[in-house]
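Worksheet: the structure to be examined is printed underneath.
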Amino acid sequence: MTDIICPLCGKPNPSELEECKFCHAPLKAAGFIAPSDQEGDESQFISPVAAPDEIESPTIKPESATPLEQAIPDWLKDTEAGFLEGVESKPEQPTSEDISAQIESLINPPSVPDNTAQPAIDDDWLTNLLAEAGGEPLSLAPLEEQPGEQAEESNTEITEPYTETPSDEEKVLPSTQIEKPDWLTGLEAASTIKLAGEIIPGEPTAIEPGIVEPEAETGLNQMDVPDWIGQADAVESPAGQKEPEPSIAPAELPSWLEALRPDETAAPTEPVEDLSAADIVTAGPLVGLKGVISARPSAIRARKPPTYSIKLRVTDEQRARVEMMEALLADEQNPKPVPSQPILTSRNIFRLVIAAVLILPIVWMIITASQRILPPQPGSIPGVVDFTEQIQKLPAGAPVLLAFDYEAGFSGEMNPAVSTLISQLMIKNVYMTLVATYPSGPALAESIIKTGAFSEGIQGPYTNYTDLGYIPGGTLGLRGLANSPMAVLPYSLDEVNVWASAPLDTVSTINDFAAVIVLTNDPDTARSWIEQVGVVLMEDSTPLLIVTSSQAEPLIRPYYQAYPAQVQGMVAGLAGGLAYGRTVGIVRQNGVWDAFSIAITVSALIIIVGSIIGVVMKMPASDKMKESKE
Amino acid sequence: MKKILPTSNAIIAVISGTLVLLGYFFPGVFGSIQSVLIGWAIILAAFALLLGIFNLALVHWKKTKTAGSSKVYSIVLLISLFITIIVVSINGPTGSFSLWLFNTFQVPVEISLLAVLAIVLVYSAARLLTRKPKWYIVLFLVSVVVMLLGSVPLFLLGEVTPLILLRDWLAHVPAVAGARGLLLGVALGTVATGLRILLGVDRPYGG
Amino acid sequence: MEQVLDLINNFLGLFFILLCLGLILFYFLSGRNRPKISLREIQAFRHLRREVDLAVEAGKRLNISLGRGSINELPGGAAFIGLTILDRSARAASNSDRPPMATSGDGVLTILSQDTLQYTYQSLTAEQRYNPTNARLTGLTPLAYAAGCIPIIQDEYVSANIFAGHLGTEIALLTEAGERSRSLTVAGTDSIHAQAVLFATSDEPLLGEELYAAGAYLGAGPAHLASLRMQDILRWVFVVAILLGAIFKLLENLF
């Protein structure tokens, strides 16, 4: 009896079997040739490809083969045949008779008795997995009809993971089967080639002892070595030994595995490719097989790879987007012209309106020399009376230090008081010693002196003064001036050593001056004079008088009101200047006070009206914002 | 040299500052050295003024070489600077021509700028409540209005005594108190700044 | 007793300075091993840091006005703070297309600002970015200084203006120019009048001694934090002393 090599697991099976007793793969498929049919010592692993003439021997009956048989490629048949013939195989061209025998055995699988036990598992791949995993191939359930034979033939060395009694389930397929997923079904279809309508539960047959012996001789651990290797060793036994395989007890499958049994009602699909007309391989390891992709160099035609066009397939939409991107990038390169701001904006108009509202009344008052507003009274402005008295106390011809430390821009506010002071000092024939800590101070002082002299009707240049010029160093210079004026300012602007001649020849320290009068608009400058020079002046009760602007008056007054007072008299702002003028009998009728009054009134009105309008106009906008938020 | 110079600058600054400070408290011991150092500082400040004017001229000279409408103003500035230097050098700082330049150009320009400043302040005050509608802004504006209306007799209304009294109180009590508080804080900050320089931690002189 | 009082009166200033020095050293040395103290939020400095970043991104420059305070005078303290702000701003904006510009109204301050910029760029190994004309004197008088700063604000692609130093009421002209050019204005000065003007005209005014805290808020070093803590402590000492003096004076007048 010739053995049929299982196309899936490669194990020999009796020819009468239709299914492999190990993996339940159908044996009677076209293309599979039983190894026992092969003549000679042939390799079990490799079935040399038969010559085309041999392949076309009449032993090959593709016509009578079933479609499934036809689907099995010849190379697979040869592979199985060679696989089972053992390791030491002589590369030998199989004869056509061998090939045909193999094919025939596959085409006509051995018949399986009806009472064969249902295989525990229809899925050959699963059987192999379990066998490899457990080291015990799933053995088919032994037949009840041949218990003894099966017992004798049972391969004790091949342990069985489990056995299943075929009595209850061998004949009956599980009524309910777990619905398999499509992928599993497809996998099974690819892995097992089942005959259409001929799928019969394979009969678990025992493996022949002869085949098993090599495994025992090798002494391999059956748990580690896959079965197919064992079968190969068994096949390597001397040729011609064709001992019947011992029956292997069928495996007892668990219920869940049983449930995975495929639905046998589904007819296996035939392979798509019809290999009947395919070429038979005549050389190489796959000789004799049909439908093989030729690996021969001649089959691989070295040809020039096809050239593909590098032109992108751009759709209209993509082209439009590309153009848009290019336009965007081009805009980035070109600087956008900054939009010119309009000259007449609401803010500019508002500024012009405010300026006009302020300037026009002032100009009108000055032009008309208005005298409607009562001028300030000396008694109502603190410091003016004391200032006047201090000036009146100055002895005639006494040197007085006059510091012009106010900016030219504040001339409008300071000049009424300064000019009155200068005129009074000129009347008393006081020797004015001019100094300045501002760079523009000397020029300002000269200008005031000349103007005052002119207003007093003094003919010729006024000479009863000296201009010592600019004191560098700021506060440090004042400190030095307080200690030694001669060291800080040795010469006048005319490059004359004034300290060597009268009246300054009697002056060695700052206390030698009759008074120190500081004319400044900056409260910090005033504080510097008070803190650096005033401290020294207090030692000899030399009066320190200050003429300042109204912005500095709140900060200077505490020095005036302190006890002991550090400032003996002060005139602040336009009001103080006019009041001081009234005190000494100088009344200026140039409309300045009226202009100042109307300017202050209009400014206050502008601030009030502007604030109200701003709040009223902003209220609807804020309401709209609130509504939009809601 | 790059490492030595910053360290030497710091050492000079620390020693000089310490000597001047001690000269205030121990004039008998450090008074003379303090006077010398202060004299040097005054001379250096005067020379720095000249360097600043040179820097100003250089900046505007470079501007005249660039394209643009602003170079006209730079040309005017340079011409004015040179003319003033020449005139004052010849005529003296208190000469007639020098005073003519001063009275004709500087005084009117500065007075005009101050007038613009007044308009700007009024405009800013009128828009302040629109920009920052807060309660303390309202308080600020009320104080401004009271100070303005109480400083002079109002046109067509004359003196409003309550306003004048309120203005005097505002000017000499809360305003001065707040100013004193600010000045104390400024003084503390100035002391801290000076001490940082004396310790050599702050080096505004580079290094 | 009178001699002791005279001694105290004469050396009160020295005691005060030694006290300040001791507190600064104490907090400087002890602050090294402690986590950084948290400072109260000052919106002006937060906007300042943001504006520096925006200026760098927009390719514009900062205009830093140091005022006209001479270092020989009392306003010199504010001038030094302006130099500190200039240093920190120049470091932050060192990679800007347009470096920051410093303006001043004093010759010494101009030279110091040039020195500050030069040292800043040297420390960043970017000496090539230093231009001496980026620190300039714009005017010797307050209004001339303001008149010289206005063209810079309007014509030099300025995105933010920082006024830190001694500036008077002329600062209103500068803030107005900043508003016209749509640039942010952060301003602080030691002048009382100028602070009143800033309150009404500036976007972010720094009032009182907030200007002197600039170094601490801009990360100028632990010494600035230490001095800030010293100021906080002494401020409370002054408050207590003033209150006690007022109470004693009141009691003296009553009894």
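Letters A, B, ... are given to chains in the order of the sequence lines, protein chains preceding strands, and every chain is numbered from 1. A quick note: this is a predicted structure, and the numbers were derived from the prediction, not measured.
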Exercise. Where the side chain of Arg88(C) meets the backbone of Gly219(C), is there a donor-acceptor pair that is under 3.5 Å apart?
Worked result: yes

For this session: Check whether Ala135(C) gets within reach of chain B through its side chain, its backbone, both or neither, counting any heavy atom under 4.5 Å.
Result: backbone

Exercise. Rounded to the nearest 0.5 Å, how far does CG of Leu58(B) lie from CG of Leu137(C)?
Worked result: 12.5 Å

Exercise. Between Ile71(C), Val108(C), Asp87(C), which has the largest tally of heavy atom pairs under 4.5 Å with chain B?
Worked result: Val108(C)

For this session: Name the member of Val201(B), Leu188(B), Thr193(B) that forms the most heavy-atom pairs with chain C at distances under 4.5 Å.
Result: Leu188(B)

For this session: State, without any angle test, whether Ser124(B) and Arg131(B) hold a side-chain donor-acceptor pair at a distance under 3.5 Å.
Result: no

Exercise. Is the NZ or CZ atom of Arg98(C) positioned over Tyr157(C)'s six-membered ring, under 6.0 angstrom from the centre and within 45° of the axis?
Worked result: yes

Exercise. Non-hydrogen atoms of chain B under 4.5 Å away: do they reach the side chain of Glu176(C), the backbone, both or neither?
Worked result: side chain

Seminar exercise, completed: Bottom line for Pro132(C): the part with an atom under 4.5 Å from chain B's heavy atoms is backbone

For this session: Say whether Gln118(C) and Gln114(C), considering side chains only, have a donor N or O and an acceptor N or O under 3.5 Å apart.
Result: no

For this session: Go through the atoms of Tyr123(B) and report whether side chain, backbone, both or neither lie under 4.5 Å from a heavy atom of chain C.
Result: side chain

Seminar exercise, completed: Most heavy-atom pairs under 4.5 Å with chain C, out of Leu114(B), Leu199(B), Thr190(B), belong to Thr190(B)

Seminar exercise, completed: Whatever's closer than 4.5 Å to a heavy atom in chain C on Phe47(B) counts as neither

For this session: Can you measure from CG (Leu173(C)) to SG (Cys149(C)) and round to the nearest 0.5 angstrom?
Result: 10.5 Å

Exercise. Short question: side chain of Gln43(C), backbone of Glu204(C) - any donor-acceptor pair under 3.5 Å?
Worked result: no

For this session: Give, as side chain, backbone, both or neither, the part of Leu14(C) having an atom under 4.5 angstrom from any heavy atom of chain B.
Result: both

Problem set entry | Side-chain donor or acceptor of Tyr130(C) paired with backbone N/O of Leu117(C) under 3.5 Å | no

For this session: Measure distances from Ala45(B) to the heavy atoms of chain C and classify the residue's part below 4.5 Å as side chain, backbone, both or neither.
Result: both

Exercise. With only heavy atoms counted, which part of Asp190(C) is less than 4.5 Å from chain B, the side chain, the backbone, both or neither?
Worked result: both

Exercise. What part of Leu21(C) lies closer than 4.5 angstrom to a heavy atom of chain B: side chain, backbone, both or neither?
Worked result: both

Exercise. Side chain, backbone, both or neither: which part of Thr110(C) has a non-hydrogen atom closer than 4.5 Å to chain B?
Worked result: side chain

Exercise. Counting heavy-atom pairs under 4.5 Å to chain C, which of Leu51(B), Leu182(B), Asn55(B) comes out on top?
Worked result: Asn55(B)

Seminar exercise, completed: Cut-off 4.5 Å, heavy atoms of chain B, and the answer for Thr84(C) is side chain

Exercise. If we ignore angles and hydrogens, is there a donor and acceptor under 3.5 Å between the side chains of Thr64(B) and Ser74(B)?
Worked result: no

Exercise. Quick check: does any side chain N or O of Tyr217(C) sit under 3.5 Å from a backbone N or O of Leu211(C), one acting as donor and the other as acceptor?
Worked result: no

Exercise. Among Thr201(C), Leu207(C), Leu83(C), who wins on heavy-atom pairs under 4.5 Å with chain B?
Worked result: Thr201(C)

Problem set entry | Interface residue of largest heavy-atom contact number with chain B, from Phe16(C), Phe238(C), Phe28(C), under 4.5 Å | Phe238(C)

Problem set entry | Selection from Phe26(B), Tyr24(B), Tyr73(B) maximising heavy-atom pairs under 4.5 Å formed with chain C | Phe26(B)

Exercise. Is there a donor-acceptor pair under 3.5 Å between the side chain of Asn63(C) and the backbone N or O of Val158(C)?
Worked result: no

For this session: Take atom NZ of Lys132(B) as the centre, draw a 6.0 Å sphere, and report whether it contains more than 12 heavy atoms from other residues, nucleotides or ligands.
Result: yes

Exercise. Non-hydrogen atoms of chain B under 4.5 Å away: do they reach the side chain of Asp106(C), the backbone, both or neither?
Worked result: neither

For this session: Pick one of side chain, backbone, both or neither for Val120(B), based on which atoms fall under 4.5 Å of a heavy atom in chain C.
Result: side chain

Exercise. Taking Ala223(C), Ala196(C), Ser113(C) one by one, which has the highest count of heavy-atom pairs under 4.5 Å against chain B?
Worked result: Ala223(C)

Exercise. Given the side-chain rings of Phe25(B) and Phe15(C), with only the six-membered ring counted for Trp, is the space between their centroids under 6.0 Å?
Worked result: no

Problem set entry | Contacting region of Ser191(C) [heavy-atom separation from chain B under 4.5 Å] | neither

Seminar exercise, completed: Bottom line for Leu198(B): the part with an atom under 4.5 Å from chain C's heavy atoms is neither

For this session: Against chain B, label Glu210(C) side chain, backbone, both or neither, depending on which of its atoms sit under 4.5 Å from a heavy atom there.
Result: neither

Problem set entry | chain B contact via Glu156(C) - side chain, backbone, both or neither, heavy atoms under 4.5 Å | side chain

For this session: Answer with side chain, backbone, both or neither: which region of Ile17(C) has an atom nearer than 4.5 Å to a non-hydrogen atom of chain B?
Result: both

Exercise. Okay, side chain of Ser227(C), backbone of Ile24(C): is any donor-acceptor separation there less than 3.5 Å?
Worked result: no

Exercise. Given a strict heavy-atom distance threshold of 4.5 Å, which part of Leu128(B) is in contact with chain C: side chain, backbone, both, or neither?
Worked result: side chain

Problem set entry | Distance (rounded to the nearest 0.5 Å) between Asn134(C) CG and Leu86(C) CG | 10.0 Å

Problem set entry | Cationic N near anionic O, under 4.0 Å, Asp232(C) to Arg229(C) | no

